[in-house]
Amino acid sequence: MRPTPDALMLFAAGFGTRMGALTAHQPKPLVKVAGRSLIDHALSLADAAGVTRKVANTHYLADQIAAHLAHRPDIALSHETPCILDTGGGLKKALPLLGKGPVFTLNTDAVWTGANPLTQLHAAWRPADMDVLLLLLPVQNATGHGGKSDFLLESGGRISWARGAPGHVYLGAQIIVTDGLDQIDEAAFPIYPLWEAALAKGRAYGLVHQGGWCDVGHPGGIAEAEAMLQAAHVQ
């Protein structure tokens, strides 16, 4: 079993309901920001980080994602049918393609500036101490988020639930040990049970992203992301 990740799970199966009409006839990962689809923004990060094994899950309008990625034989598809499996269930189904050991996961509904999120995670990963390493930003710096904090970042990098307190937002990029997935019987479930187990053992950590991030899970996020990218380009 590898101690450090060399495989990436791209979450690309969701319905994108917050996007409204934009996802009535196309899946959210194909929505364009600054002339490029969201999934291509994510793949650029994976390519630059040198990730050798990449898996994207599909469900909603899966044929469009398959066609879009047809020129990328390095990307395997994990199709979820008849039901969408959520993040935890989707990750579990994709394990035969990802292999054993810790993996990167990356949401495909965000745009980044600054340091490569996957490279940052890889450099900070300590397999002797960690089961989960999440990339975070202070809630006030999370462009397009508009919600509450997810975690408090404690001394030494450990995290705890924010539970309404001002803290940090999870950005949809992580390294996670997948062993606990075999203990969950449900087919569809979120990733949270693995986080809870890591938190209980003191093996859940966070890392602050060195750059910008914008949530593009809603229509307004497109203009916000393009403005963030333009500002980063001008600097």
Side-chain angles (χ1 to χ4, degrees), residues 5 7-19 23 27-29 38-39 42 55-60 62 65 77-98 100-110 117-118 121 130-137 139 142 144-153 158-165 167-207 213 215-218 221:
L8 166 68
M9 178 74 181
L10 288 161
F11 289 119
F15 293 100
T17 52
R18 288 190 298 154
M19 279 292 192
T23 50
K28 182 169 59 173
L38 284 168
I39 199 166
V55 179
N57 67 340
T58 61
H59 177 76
Y60 177 62
I65 294 179
L77 299 182
S78 177
H79 184 54
E80 299 174 10
T81 183
C83 299
I84 195 168
L85 300 178
D86 208 334
T87 49
L91 183 58
K92 181 178 180 179
K93 184 180 187 299
L95 285 181
L97 298 170
L98 292 164
K100 294 184 177 180
V103 300
F104 295 102
T105 80
L106 184 65
N107 293 354
T108 57
D109 59 356
L118 303 177
L121 289 167
M130 300 173 173
D131 285 341
V132 172
L133 177 62
L134 308 179
L135 206 58
L136 311 171
L137 270 179
V139 64
H145 176 61
K148 298 180 180 179
S149 303
D150 299 311
F151 295 98
L152 300 178
L153 186 59
R158 283 193 173 92
I159 55 174
S160 60
W161 293 115
R163 304 193 189 284
H168 289 70
V169 172
Y170 170 57
L171 305 183
Q174 67 175 329
I175 295 174
I176 189 164
V177 173
T178 61
D179 297 354
L181 291 171
D182 291 337
Q183 302 171 23
I184 301 174
D185 294 331
E186 293 87 352
F189 58 92
I191 203 74
Y192 304 130
L194 293 189
W195 290 356
E196 289 280 13
L199 285 161
K201 293 186 290 185
R203 294 180 58 85
Y205 285 76
L207 177 69
W213 171 90
D215 175 14
V216 195
H218 55 94

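Treat the numbers as computed from the prediction; the structure is a model and nothing was measured.
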dist Phe104:CZ -> Leu135:CG (nearest 0.5 Å) comes out at 11.0 Å
Sorted by chain and residue number, the ring pair (Phe, Tyr, Trp, His ring centres under 6.0 Å) partners of Tyr60 (sequence neighbours excluded) come out as Phe15
Roughly how far, to the nearest 0.5 Å, is CG of Leu95 from OG1 of Thr178? 4.5 Å
Output all residues satisfying side chain to side chain donor-acceptor pair (under 3.5 Å) with Arg158, sequence neighbours left out; order by chain, then residue number. Tyr205
Side-chain heavy-atom pair Leu194, Phe189 within 4.5 angstrom cut-off: no
With sequence neighbours excluded, residues passing side-chain contact (heavy atoms from CB on, under 4.5 Å) with Ala110: Trp112, Trp213
Please output the side-chain donor-acceptor pairs of residues 167-177 that fall under 3.5 Å, not counting sequence neighbours, one pair per line with the distance.
from: Tyr170; atom 1: OH; to: Ala173; atom 2: N; distance (Å): 3.4
from: Gln174; atom 1: OE1; to: Trp195; atom 2: NE1; distance (Å): 3.0
from: Gln174; atom 1: NE2; to: Thr105; atom 2: OG1; distance (Å): 3.0

With sequence neighbours left out, the residues meeting side chain to side chain donor-acceptor pair (under 3.5 Å) with Asp109 are Lys28
Give a yes or no answer on whether the side chain of Thr87 reaches the backbone of Pro190 with a donor-acceptor pair at less than 3.5 Å. no
Closest non-hydrogen atoms of Gly206 and Leu153, given as atom of the first, atom of the second and distance, are O-CD1, 3.7 Å
Partner residues of Lys92 under the side chain to side chain donor-acceptor pair (under 3.5 Å) criterion, sequence neighbours left out: none
Rounded to the nearest 0.5 Å, what's the gap from CD1 on Ile159 to CG on Leu134? Could you check? 4.5 Å
Is there any side chain to side chain donor-acceptor pair (under 3.5 Å) pair reaching into residues 181-192, and which pairs are they, with sequence neighbours excluded? none
Sub-3.5 Å donor-acceptor pair from the side chain of Thr23 to the main-chain atoms of Gly16, do we have one? yes
Drop me the distance from Ser78's OG to Leu10's CG, to the nearest 0.5 angstrom. 11.5 Å
What's the verdict on side-chain contact (heavy atoms from CB on, under 4.5 Å) for Leu98 and Leu91, showing C-alpha distance, side-chain angles and the deciding distance? CA-CA 9 Å; Leu98 292 164; Leu91 183 58; 3.6 Å; yes
Heavy-atom closest contact (His218 atom, Gly144 atom, distance): NE2-O, 2.9 Å
Heavy-atom nearest pair, Ala94 first then Val55, reads CB-CG1, 4.0 Å
Suppose we screen for side chain to side chain donor-acceptor pair (under 3.5 Å). Which residues come up paired with Thr58, at least two apart in sequence or across chains? His79
With a 4.5 Å heavy-atom cut-off, do Met19 and Val216 have their side chains touching? yes
With sequence neighbours left out, write down each residue that passes side-chain contact (heavy atoms from CB on, under 4.5 Å) with Ala13, or none if nothing qualifies. Asn57, His59, Glu80, Ile84
Ala12 to Thr108 - nearest heavy-atom pair and separation: CA-OG1, 3.9 Å
Give me the atom names and distance for the closest heavy-atom approach of Ile65 to Pro27. CG1-CG, 3.7 Å
Ala198 meets the side-chain contact (heavy atoms from CB on, under 4.5 Å) criterion, sequence neighbours left out, with Asp131, Val132, Ala204
